[in-house]
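Data block below; observations after.
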Protein chains: 2
Amino acid sequence: MPREKVKMAYINDINARKASFNKRKKSIFKKVSELTILCGIQACAIIQNPFDFQIEVWPNPERVDQVIERYQNTSLINESRNMNQESFFIQRISKAQQKLHNLRKDNYEKKITLAMFEYIQTRKLPENLTIEDLKVMDDIREKYMKEIENKKAILY
Amino acid sequence: MPREKVKMAYINDINARKASFNKRKKSIFKKVSELTILCGIQACAIIQNPFDFQIEVWPNPERVDQVIERYQNTSLINESRNMNQESFFIQRISKAQQKLHNLRKDNYEKKITLAMFEYIQTRKLPENLTIEDLKVMDDIREKYMKEIENKKAILY
DNA sequence: TGCCCTATGCTTAGTTT
DNA sequence: TAAACTAAGCATAGGGC
């Protein structure tokens with residue numbers, strides 16, 4: 001009895017899906033490995049394993065990070081290729097300004113955070129805090145609480 | 001005449017290498033695509049194209065960034081799985097201390113950099129600089145020069 | 001469950017166009 | 001240079017254990 005051609009769709013049977021996943025993952029990693037050897041290049045593959053909540057990579061975390069970094073650097077260069085010089089630089093400047101803004105905000109938040117620690121440790125409010133500072137402290141507290149909530153969602 | 005089995009080694013002939021690269025890249029992307037459909041997962045592949053100095057990705061830059069981010073978040077969790085709780089926290093603390101050290105160093109370097117600006121703008125050396133400060137200024141200058149050199153190497 | 005087997009279909013090196 | 005072809009080798013779904 002000749003097997004039917006497999007339909008390209010989600011495999012409902014969990015055992016069949018697990019078997020297929022393991023076989024195909026192995027062969028993808030092998031193919032990527034072959035390509036890097038045959039053509040003398042760098043490459044990587046990142047595959048989410050649906051059965052043990054891990055993410056599997058080829059060849060190894062260190063090299064994957066290298067490839068990712070190179071990719072992310074190169075995408076910047078490609079951006080510039082696809083635009084005329086002027087609009088590229090306008091975007092770059094705008095991004096740099098955004099970064100500067102974020103750095104300043106970050107710095108301000110760090111100062112305020114230190115003030116909060118001082119308050120906690122000395123059990124008295126520092127004298128030179130303004131109403132504005134107290135408002136920012138609330139913002140930061142909310143931000144940190146959200147971050148902690150997100151980390152919980154990831155960890156458990 | 002039966003073809004010989006291909007040796008798993010760098011293909012010297014450029015045309016053969018180019019043909020092989022394109023065929024194999026296409027099929028890897030296809031295989032990764034099939035895996036994501038069959039198993040309902042996320043995955044990506046990042047391949048350096050040796051012929052046009054680009055880096056090619058599957059499925060697209062946006063999703064690749066998503067997969068990368070998820071991978072980098074998860075690797076933290078895996079760290080904790082592969083260790084007992086105690087050594088995990090020891091490592092975490094050690095990393096946090098390293099980060100604090102770097103933040104302090106960064107802060108110090110920023111102070112010194114401001115001092116350098118002051119020197120440039122006023123054309124006279126600030127009075128409260130120590131020999132140690134001057135030494136650090138040299139280190140920073142060297143560091144920045146190296147960074148600029150690296151960016152040049154990437155951009156041109 | 002996971003491993004091995006095998007028939008079928010897919011991939012691909014080398015060739016032709 | 002690239003696209004199409006083809007034979008050989010490879011991948012893999014399904015079955016057996």
Side-chain angles (χ1 to χ4, degrees), chain A residues 1-61 63-64 67 71 74 77-78 81-82, chain B residues 1-61 63-64 67 71 74 77-78 81-82:
Chain A
M1 54 205 134
R3 269 188 294 114
E4 271 180 48
K5 189 171 160 179
V6 182
K7 268 191 291 185
M8 189 44 57
Y10 182 73
I11 301 169
N12 282 304
D13 179 68
I14 186 169
N15 288 318
R17 195 163 71 249
K18 193 177 272 192
S20 186
F21 177 81
N22 285 321
K23 285 178 182 177
R24 283 171 173 268
K25 183 195 72 191
K26 187 179 158 194
S27 111
I28 287 169
F29 284 168
K30 186 180 167 195
K31 289 285 184 196
V32 176
S33 158
E34 289 177 353
L35 186 64
T36 62
I37 294 168
L38 292 169
C39 301
I41 58 158
Q42 288 211 309
C44 75
I46 305 175
I47 296 176
Q48 178 193 346
N49 187 323
F51 303 104
D52 67 358
F53 299 100
Q54 280 213 340
I55 290 182
E56 307 199 29
V57 297
W58 187 93
N60 57 56
R63 291 234 183 167
V64 169
V67 174
Y71 160 62
T74 313
I77 297 165
N78 294 337
R81 281 224 187 95
N82 297 332
Chain B
M1 55 205 135
R3 269 189 295 115
E4 271 181 50
K5 191 171 160 178
V6 182
K7 270 190 292 186
M8 190 42 59
Y10 182 74
I11 302 169
N12 281 304
D13 179 68
I14 186 168
N15 288 319
R17 195 164 71 249
K18 192 177 273 190
S20 186
F21 177 81
N22 284 321
K23 285 177 182 178
R24 281 170 174 268
K25 182 195 71 191
K26 187 179 157 193
S27 111
I28 287 170
F29 284 168
K30 186 180 167 196
K31 288 286 182 194
V32 176
S33 158
E34 288 177 354
L35 186 64
T36 62
I37 294 168
L38 292 168
C39 301
I41 58 157
Q42 289 212 307
C44 75
I46 305 174
I47 297 175
Q48 177 192 347
N49 186 323
F51 302 105
D52 68 358
F53 299 101
Q54 281 214 338
I55 289 182
E56 308 198 29
V57 298
W58 187 95
N60 57 56
R63 291 234 182 167
V64 169
V67 174
Y71 159 63
T74 313
I77 298 165
N78 294 336
R81 281 230 185 89
N82 296 331

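Every chain is numbered from 1 and lettered A, B, ... according to where its sequence line falls, protein lines coming before strand lines. As a basis for the values below, the full set of heavy atoms in this structure was taken, side chains included, without hydrogen atoms, waters or symmetry mates.
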Inset, instruction - Provide, to the nearest angstrom, the distance between the CG atom belonging to B/Leu35 and the C1' atom belonging to D/dT12. - result: 13 Å

Legend entry - Position toward the 5' end of DNA chain D (nearest nucleotide), B/Lys23 or B/Asn15: B/Asn15

Inset, instruction - Taking only the side-chain heavy atoms of B/Ser20 (C-beta and beyond), determine which of C/dT1, C/dA13, C/dT11 contains the nearest atom. - result: C/dA13

Inset, instruction - Using side chain to side chain contact (heavy atoms under 4.5 Å, CB included) as the criterion, point out the one residue from A/Val32, A/Thr36, A/Val64 that pairs with A/Pro59. - result: A/Val64

Inset, instruction - Would you kindly give the CZ-to-P distance between B/Arg17 and C/dT12, to the nearest whole Å? - result: 18 Å

Legend entry - Partner residues of A/Lys25 under the side chain to side chain contact (heavy atoms under 4.5 Å, CB included) criterion, sequence neighbours left out: A/Phe21, A/Asn22, A/Phe29, A/Ile47, A/Glu56

Inset, instruction - Map B/Glu34 and B/Ala16 onto DNA chain C by nearest heavy atom, then report which one ends up closer to the 5' terminus. - result: B/Glu34

Legend entry - A/Gln42 side chain to A/Val67 backbone, donor-acceptor under 3.5 Å: no

Legend entry - Atom pair distance, as rounded to whole Å: NZ in B/Lys31 and C1' in D/dA11: 6 Å

Legend entry - Atom-to-atom span, CZ of A/Arg24 to P of D/dG14 - whole angstrom: 10 Å

Inset, instruction - Would you classify B/Lys30 as touching base, sugar-phosphate or nothing, given that sugar-phosphate means primed atoms plus P, OP1 and OP2, and contacts are heavy atoms under 4.0 Å? - result: sugar-phosphate

Inset, instruction - Take the protein atom CG of B/Asp13 and the nucleotide atom P of C/dT15, then report the distance between them rounded to whole Å. - result: 11 Å

Inset, instruction - Using whole Å, report how far CE of A/Met8 lies from C1' of D/dA13. - result: 12 Å

Legend entry - 5' precedence on DNA chain D between B/Lys18 and A/Ser27 (nearest-nucleotide basis): B/Lys18

Inset, instruction - In whole angstrom, give the distance that lies between atom NZ of B/Lys7 and atom P of D/dA8. - result: 21 Å

Inset, instruction - In whole angstrom, give the distance that lies between atom CD1 of B/Ile28 and atom C1' of C/dT11. - result: 12 Å

Inset, instruction - Please collect all salt bridge (charged side-chain N to carboxylate O under 4.0 Å, His left out) contacts where either partner lies in residues 9-23 of chain A, sequence neighbours excluded, each pair once. - result: none

